Amino acid sequence: MSALPWSVALWLFAIGFYGMITSRHYVHLIGCLSVMQSGTYVLLLSAGFRWGAGPPVFADHPPGTPAVDPVVQALVLTDIVVGAAVTALLLALALQLHKRRGTLDPEELRPMRR
Amino acid sequence: MSRRARGILAAIAALALAPGALAVVRAMPPLGDHPLPYGDAVNRVAPAERAVSNMVTAVNFDLRGFDTLGEEVMLLAAVVGAVVVLRGARGEGVGDRPARCGSRPIPPRSDAVVLLCRMTAPLTLIYGLYVVLHAALTPGGGFQGGAIIGSGLVLVWLGEGYNAWRRMVPGVVLHALEGGGAGLYALAGFGAMLTGAAYLANMLPLGDWGSILSGGMIPVVNFGVGLAVSGAFGMLFLEFLEETREPEKGEEQ
């Protein structure tokens, strides 16, 4: 039981990686990259978890009550922002690629094959 | 490399890495039952020192505010990159011609969608603004609220269509939001330097516990991030939407 979140993080990373290797479409590949990144969210949030603790927001309970780790939550926030920005940039590149070459299959897009 | 060779290579790599990964999973500390020294230090120090109740905001905009500036600049760089990649004259002209997706015309909106979007879009925008402004108090902050405002802009498009959306949300406003928000964050740091303190040091009065303006510099930089993120989402959305327009005569593809 205590290994469950780490296993989930590993599984998400591995299944995203498998999807990237076998991908036949760049948009699918970008989705797989997001799945891989979700593994890091699970890993970070689980690392900051504590049984019986509340959220690290002391708006409705006084400071000093047990709370989970806010540092990893801030890191996950950064992680999500970076993921969203990278996904947007990659999708823009995929769009241009489709306009230039008419396909998004990685196999069809060898640099030397015209 | 053929697909088959790539699969075999990946399987070999996975077999080599699996024992190490499983050993790491087994060696990780038990879930929820190990010391959290940094988190406990933040939870102890930040409410007293910064008068804010949301510790995640305190970490993001004060304790590691300089890192968040880097994150903000990274978001700016990624958005500028996407805009440059997609830039073209296509879709700039606001005409009455229907949008097409390839050769397939996009069907007109139903009245139910228009009604629903007109009801939910303003509420979503106001909720996003609320999440941005209450960063120091309750869960949320500039990044989350900015993303909600971006979703509100999408709802405006869904209800009103492309042409009305372009008139209501001019690109120059989105550019000003994105650049101005990031600039506000960076300039706030220099403002602290004018008083002789370090870059991004929290020099403003901290305010009262539970007040929307508590936290000194935190509401200022958080508002900058909120502006920049809503501008960034709006810009990305605008550039992707322009791609759905049929190019007019003489426009590049």
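Below, chain A is the first sequence line, B the second, and so on; all start at residue 1. It should be emphasised that the depicted structure is a prediction, and the values quoted were computed from it without experimental measurement.
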- Message: If you apply the rule side-chain hydrogen bond (donor to acceptor under 3.5 Å, both in side chains), what do you find for A/T103 with A/E108, and how did you get there?
- Response: CA-CA 7 Å; A/T103 178; A/E108 303 282 322; 5.4 Å; no

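- Counting heavy-atom pairs under 4.5 Å between each of A/P55, A/G52, A/A47 and chain B puts A/A47 at the top.
- Across all non-hydrogen atoms, the minimal contact from B/L31 to A/P5 is CD1-CG, 3.7 Å.
- Summarising the geometry of B/N202 relative to B/G215, their closest heavy-atom pair is ND2-O, 3.0 Å, with the distance given to 0.1 Å.
- With chain B as the partner, the residue from A/T22, A/V82, A/I80 showing the most heavy-atom pairs under 4.5 Å is A/V82.
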- Message: The test is side chain to side chain contact (heavy atoms under 4.5 Å, CB included); show your working for B/E178 and B/L76 and say whether it passes.
- Response: CA-CA 7 Å; B/E178 166 72 25; B/L76 181 70; 2.7 Å; yes

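- Proximity to chain B (any heavy atom under 4.5 Å) is restricted, for A/S23, to the backbone atoms N, CA, C and O.
- Using a 4.5 Å cut-off between heavy atoms, A/L97 does not touch chain B at all.
- Both the backbone and the side chain of B/V25 have a heavy atom closer than 4.5 Å to some heavy atom of chain A.
- B/E71 places none of its side-chain heavy atoms less than 4.5 Å from the side chain of B/L75.
- The parts of B/P139 that come within reach of chain A are both its backbone and its side chain, each placing non-hydrogen atoms under 4.5 angstrom from that chain.
- Proximity to chain A is limited to the side chain of B/R64, based on heavy atoms less than 4.5 angstrom apart.
- Not counting sequence neighbours, the partners of B/D40 by the salt bridge (Lys or Arg N to Asp or Glu O under 4.0 Å) test are A/R50.
- Each of B/R26, B/R44, B/H34 has some count of heavy-atom pairs under 4.5 Å with chain A, and the biggest count is that of B/H34.
- Within residues 56-73 of chain A, the residues having any heavy atom under 4.5 Å from a heavy atom of chain B are, by residue number, A/P56, A/V57, A/F58, A/A59, A/P63, A/A67, A/V68, A/D69, A/P70, A/V71, A/Q73.
- A distance of 12.5 Å separates CZ of B/R87 from CD of A/Q96, quoted to the nearest 0.5 Å.
- Along residues 223-237 of chain B, the residues that come nearer than 4.5 angstrom to chain A, judged on non-hydrogen atoms, are B/L236 in order of number.
- Heavy-atom distances place the side chain of A/L95, and not its backbone, under 4.5 Å from chain B.
- B/Y38 touches chain A through backbone and side chain together, each having a heavy atom under 4.5 Å away.
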- Determine, step by step, whether A/L90 and A/L33 satisfy the side chain to side chain contact (heavy atoms under 4.5 Å, CB included) criterion, reporting the C-alpha distance in whole Å, the side-chain angles of both residues, the deciding distance to 0.1 Å, and the verdict. CA-CA 10 Å; A/L90 287 175; A/L33 187 68; 3.6 Å; yes

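- In this structure a side-chain-to-backbone donor-acceptor pair under 3.5 Å is present from B/S53 to B/L137.
- There is no contact between A/A9 and chain B, counting heavy-atom distances below 4.5 Å.
- Using a 4.5 Å heavy-atom cutoff, the side chains of B/L174 and B/L238 are in contact.
- The parts of A/L77 that come within reach of chain B are both its backbone and its side chain, each placing non-hydrogen atoms under 4.5 angstrom from that chain.
- Both the backbone and the side chain of A/L91 come within less than 4.5 Å of a heavy atom in chain B.
- In this structure, A/L12 and A/Y41 have side chains that are not in contact, with every pair of non-hydrogen atoms separated by 4.5 Å or more.
- Relative ring orientation between B/Y130 and B/Y127 is described as parallel, the plane-to-plane angle staying below 30° on a 0-90° scale split at 30° and 60°.
- Side chain of B/N222 to main chain of B/V132: a donor-acceptor pair is present (N/O by atom type, distance under 3.5 Å, no hydrogens or angles).
- Partners of A/T40 according to the side-chain hydrogen bond (donor to acceptor under 3.5 Å, both in side chains) rule, which considers only residues two or more places apart in sequence or in another chain, are A/D79.
- Comparing A/F17, A/F13, A/Y18, A/W6 by how many heavy-atom pairs each has under 4.5 Å with chain B, the most go to A/W6.
- If you tally non-hydrogen atom pairs under 4.5 Å between each of B/N54, B/N60, B/N43 and chain A, the highest count goes to B/N43.
- The shortest distance between side-chain heavy atoms of B/M28 and A/L43 falls below 4.5 Å.
- In this structure, the side chain of B/W165 engages the main chain of B/L153 through a donor-acceptor pair within 3.5 Å.
- With 3.5 Å as the limit, one finds no donor-acceptor pair spanning the side chains of B/D208 and B/S211.
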